[in-house]
Chemist: 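The structure is given below, and queries will be raised subsequently.
Just so we're clear, the structure is a prediction, and the values are computed from it rather than from any experiment. These values consider heavy atoms only, across backbone and side chains, with no hydrogens, waters or symmetry-generated copies.
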Amino acid sequence: MTVQNEKLAARAADSGANATAAFRKTRQGSALQVPPERVSAMANEALQAIHEVARRHKMTYDEYRILKDWLISVGEDGEWPLFLDVWFEHVIEEINTSHRTGNKGTIEGPYYVPDSPEMGSHATISMRADEKGEALRFQGQVRSTDGSPLGGAKVELWHADADGFYSQYAPGLPEWNLRGTFTADEEGRFQIDTVLPAPYQIPTDGACGKLIAAAGWHAWRPAHLHLKVGAQGHEQLTAQLYFPGDPHNGDDIASAVKPELMLDPKPADGSAGKVVDYDFVLDPAS
């Protein structure tokens with residue numbers, strides 16, 4: 001077991017609890033009412049699909065009891081947000097953004113925290129004085145689909161550190177480490193100085209880890225930047241941006257990598273580190 005695995009194993013339950021609390025915070029005040037006929041249609045079809053899997057594979061009672069115990073443990077470990085975000089969210093994202101002509105997006109994932117500190121348009125993200133990792137300058141412009149710049153657009157950025165850990169989900173990290181909200185200037189431009197994130201494994205000591213082990217899967221996510229980009233009168237874009245050469249770009253456990261989300265880092269002029277130019281094109285709100 002690697003050092004990283006040992007650290008992850010020590011806090012899967014804490015990570016699950018934090019993800020659950022963060023999700024519930026964002027859902028406060030939601031009053032969406034789904035028509036009963038829609039609930040009935042989706043619930044019945046989902047159950048029928050599960051029934052068909054059980055029939056096709058001739059599930060035994062022992063296997064049923066294992067499944068029942070595992071489903072209970074997902075809740076006890078607080079890992080429903082992790083389970084749904086890793087294995088289900090990418091389908092929901094695909095359905096809900098299929099109409100867009102601007103930038104492609106992808107899943108939010110379980111580690112988003114709203115209300116990160118405001119940093120301005122050209123700034124260094126919150127980080128420790130001795131933050132490990134290669135320097136990365138991430139810069140670009142936010143535009144509408146007609147090409148007009150979107151001044152005042154909000155760019156939220158968060159990502160794992162050089163050890164693969166997220167602030168507010170890993171012990172010992174400052175609250176807003178490698179999290180920030182940036183406001184594009186009047187030309188829609190932004191420039192963010194940060195560090196390159198590391199690839200990481202999702203927590204494997206809880207219920208999700210048991211599924212991964214039982215199925216013989218791996219638990220790795222490639223290195224990536226998380227972003228939410230929004231502007232008045234436009235649909236918000238949620239994205240993860242990836243780095244070429246990562247061994248898990250092709251088999252991401254969360255199925256979130258898309259060719260359009262691959263970055264092209266270049267050596268920074270006159271200094272160490274990398275620089276990435278990446279523009280965001282947002283669809284007008286319908």
Side-chain angles (χ1 to χ4, degrees), residues 3-4 7-8 10-12 14-16 18-19 21-23 25-26 81-82 85-86 105-140 153-184 190-203 220-230 237-243 246 248 252 254 256-257 261 263 265 268 271-278 280:
V3 172
Q4 184 189 37
K7 291 180 179 178
L8 285 171
R11 63 166 191 278
D14 289 340
S15 181
N18 289 340
F23 172 76
K25 179 181 179 182
T26 62
L82 179 65
D85 291 348
V86 168
T106 190
I107 65 174
E108 177 181 290
Y111 299 131
Y112 171 65
V113 180
D115 303 321
S116 59
E118 171 65 49
M119 301 286 180
S121 62
H122 294 60
T124 298
I125 201 168
S126 298
M127 67 173 75
R128 293 163 288 189
D130 58 348
E131 194 71 46
K132 294 192 300 183
E134 186 175 8
L136 173 67
R137 173 163 288 178
F138 179 70
Q139 60 190 17
K154 294 292 184 181
V155 180
E156 291 182 78
L157 173 65
W158 72 100
H159 61 82
D161 66 10
D163 292 318
F165 302 140
Y166 286 85
S167 61
Q168 302 194 36
Y169 291 87
L173 296 180
E175 182 180 15
W176 295 107
N177 203 61
L178 301 176
R179 296 179 183 271
T181 299
F182 302 83
T183 301
F190 61 89
Q191 184 182 91
I192 305 168
D193 287 313
T194 183
V195 295
L196 283 167
Y200 61 87
Q201 294 188 82
I202 67 170
W220 283 96
R221 296 226 58 216
H224 55 276
L225 303 174
H226 293 267
L227 293 118
K228 280 182 178 290
V229 184
L237 175 72
T238 299
Q240 295 180 21
L241 302 179
Y242 301 89
F243 299 86
D246 193 294
H248 292 295
D252 173 24
V257 180
L261 303 176
L263 296 170
S271 62
K274 297 286 195 303
V275 61
V276 166
D277 289 281
Y278 192 88
F280 295 100

Chemist: Looking only at non-hydrogen atoms, find the nearest pair between Leu178 and Ile125 and report the distance.
Modeler: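 Heavy atoms only, the tightest pair is C-CD1, 3.4 Å.
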Chemist: Is there side-chain contact between Val86 and Ile202, with heavy atoms separated by less than 4.5 Å?
Modeler: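 They are in contact (side-chain heavy atoms under 4.5 Å apart), so the answer is yes.
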Chemist: Is any NZ, NE, NH1 or NH2 atom of the basic residue among Asp163 and Lys132 found under 4.0 Å from an Asp or Glu carboxylate oxygen of the other?
Modeler: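 Looking at Lys132 together with Asp163, the answer is yes, because their closest N to O distance falls below 4.0 Å.
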Chemist: For Tyr112 and Arg179, which I'm curious about, is there any donor-acceptor pair between the side chains at under 3.5 Å?
Modeler: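 The criterion, which ignores hydrogens and geometry beyond distance, is not satisfied for Arg179 and Tyr112.
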Chemist: Is any side-chain heavy atom of Val229 closer than 4.5 Å to a side-chain heavy atom of Lys154?
Modeler: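 No, every pair of side-chain atoms sits at 4.5 Å or beyond.
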Chemist: Can a donor-acceptor pair be found, under 3.5 Å and without considering hydrogens, that links the side chain of Ser121 to the backbone of Phe190?
Modeler: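 Not a single qualifying donor-acceptor pair exists.
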Chemist: Go through it in stages, so that I can follow the logic: the residues are Thr181 and Val155, the test is side-chain contact (heavy atoms from CB on, under 4.5 Å), and I'd like the CA-CA distance, side-chain angles, deciding distance and then a yes or no.
Modeler: CA-CA 6 Å; Thr181 299; Val155 180; over 6 Å; no
Chemist: Do Asn177 and Glu131 have a side chain donor and acceptor closer than 3.5 Å?
Modeler: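 Looking only at side-chain atoms, Glu131 and Asn177 do form a donor-acceptor pair, the distance falling under 3.5 Å.
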Chemist: Any idea which heavy atoms bring Pro222 and Val257 closest together, and the distance?
Modeler: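 Shortest heavy-atom separation between Pro222 and Val257 comes out as CG-CG2, 3.9 Å.
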Chemist: Do Tyr111 and Tyr169 have ring centres separated by under 6.0 Å?
Modeler: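 Yes, they do, as the ring centres are separated by less than 6.0 Å.
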Chemist: Testing the basics here: between Leu261 and Ala256, what is the closest heavy-atom pair and its distance to 0.1 Å?
Modeler: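 Leu261 and Ala256 have their closest heavy atoms at CD1-O, 4.0 Å.
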Chemist: Using the ring centroid of each side chain, check whether His224 and Tyr200 are separated by less than 6.0 Å.
Modeler: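 Between His224 and Tyr200, the centre distance is under 6.0 Å.
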Chemist: Can you tell me how far apart CZ (Phe182) and CG (Leu157) are? Round to the nearest 0.5 Å.
Modeler: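 Phe182 CZ to Leu157 CG: 6.0 Å, rounded to 0.5 Å.
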Chemist: Relative to the ring of His226, is the ring of Trp158 parallel (under 30°), tilted (30 to 60°) or perpendicular (over 60°)?
Modeler: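 If you compare the ring of Trp158 with that of His226, the planes turn out parallel.
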Chemist: Out of curiosity, Leu136 CG to Leu196 CG, how far, rounded to the nearest 0.5 Å?
Modeler: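 Output value for this atom pair is 5.0 Å.
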Chemist: So which atom in Ala223 and which in Pro197 form the shortest heavy-atom distance, rounded to 0.1 Å?
Modeler: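 Where Ala223 meets Pro197 most closely, the heavy atoms are CB-O, 3.6 Å.
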Chemist: As an exercise, state the distance from CG of Asp161 to CG of Leu173, rounded to the nearest 0.5 Å.
Modeler: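 So the CG of Asp161 and the CG of Leu173 are separated by 5.5 Å.
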Chemist: Any carboxylate oxygen within less than 4.0 angstrom of a Lys/Arg side-chain nitrogen, looking at Lys228 and Glu108?
Modeler: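 Result for this pair is yes, salt bridge flagged.
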Chemist: Please tell me if the side chains of Val275 and Gln139 come closer than 4.5 Å, counting only heavy atoms from C-beta onward.
Modeler: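 Sidechains of Gln139 and Val275: in contact.
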Chemist: Give me the atom names and distance for the closest heavy-atom approach of Ala160 to Gly164.
Modeler: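 Heavy-atom minimum between the residues: CB-C, 3.7 Å.
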Chemist: So, Tyr166 and Gln168: side-chain donor and acceptor under 3.5 Å apart, yes or no?
Modeler: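 Side chains of Tyr166 and Gln168: no pair found under 3.5 Å.
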Chemist: Which label fits Phe280 and Phe138: parallel for a plane angle under 30°, tilted from 30 to 60°, or perpendicular past 60°?
Modeler: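 Because their plane-to-plane angle is over 60°, the rings of Phe280 and Phe138 count as perpendicular.
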Chemist: Side chains of Glu118 and Thr183: is there a donor and an acceptor less than 3.5 Å apart?
Modeler: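 There is such a pair (donor and acceptor under 3.5 Å, judged by atom type) between the side chains of Glu118 and Thr183.
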Chemist: Do you know which two heavy atoms are closest between Ser126 and Pro117, and how far apart they sit?
Modeler: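 It is OG-CG, 4.4 Å.
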Chemist: Between Arg221 and Tyr242, does the side-chain contact (heavy atoms from CB on, under 4.5 Å) criterion hold? Intermediate values first, please.
Modeler: CA-CA 10 Å; Arg221 296 226 58 216; Tyr242 301 89; 3.1 Å; yes
Chemist: Run Arg137 and Gln191 through side-chain contact (heavy atoms from CB on, under 4.5 Å) and show every step you take.
Modeler: CA-CA 7 Å; Arg137 173 163 288 178; Gln191 184 182 91; 3.4 Å; yes
Chemist: Starting at CE of Met127, measure out to OG of Ser167 and round the result to the nearest 0.5 Å.
Modeler: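 One finds 12.0 Å between CE of Met127 and OG of Ser167.
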Chemist: Could you go step by step and tell me if Ile192 and Thr124 meet the side-chain contact (heavy atoms from CB on, under 4.5 Å) rule?
Modeler: CA-CA 6 Å; Ile192 305 168; Thr124 298; over 6 Å; no
Chemist: At what distance, to the nearest 0.5 angstrom, does CH2 of Trp176 lie from CG of Asp115?
Modeler: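 Going from CH2 on Trp176 over to CG on Asp115, the span is 6.0 Å.
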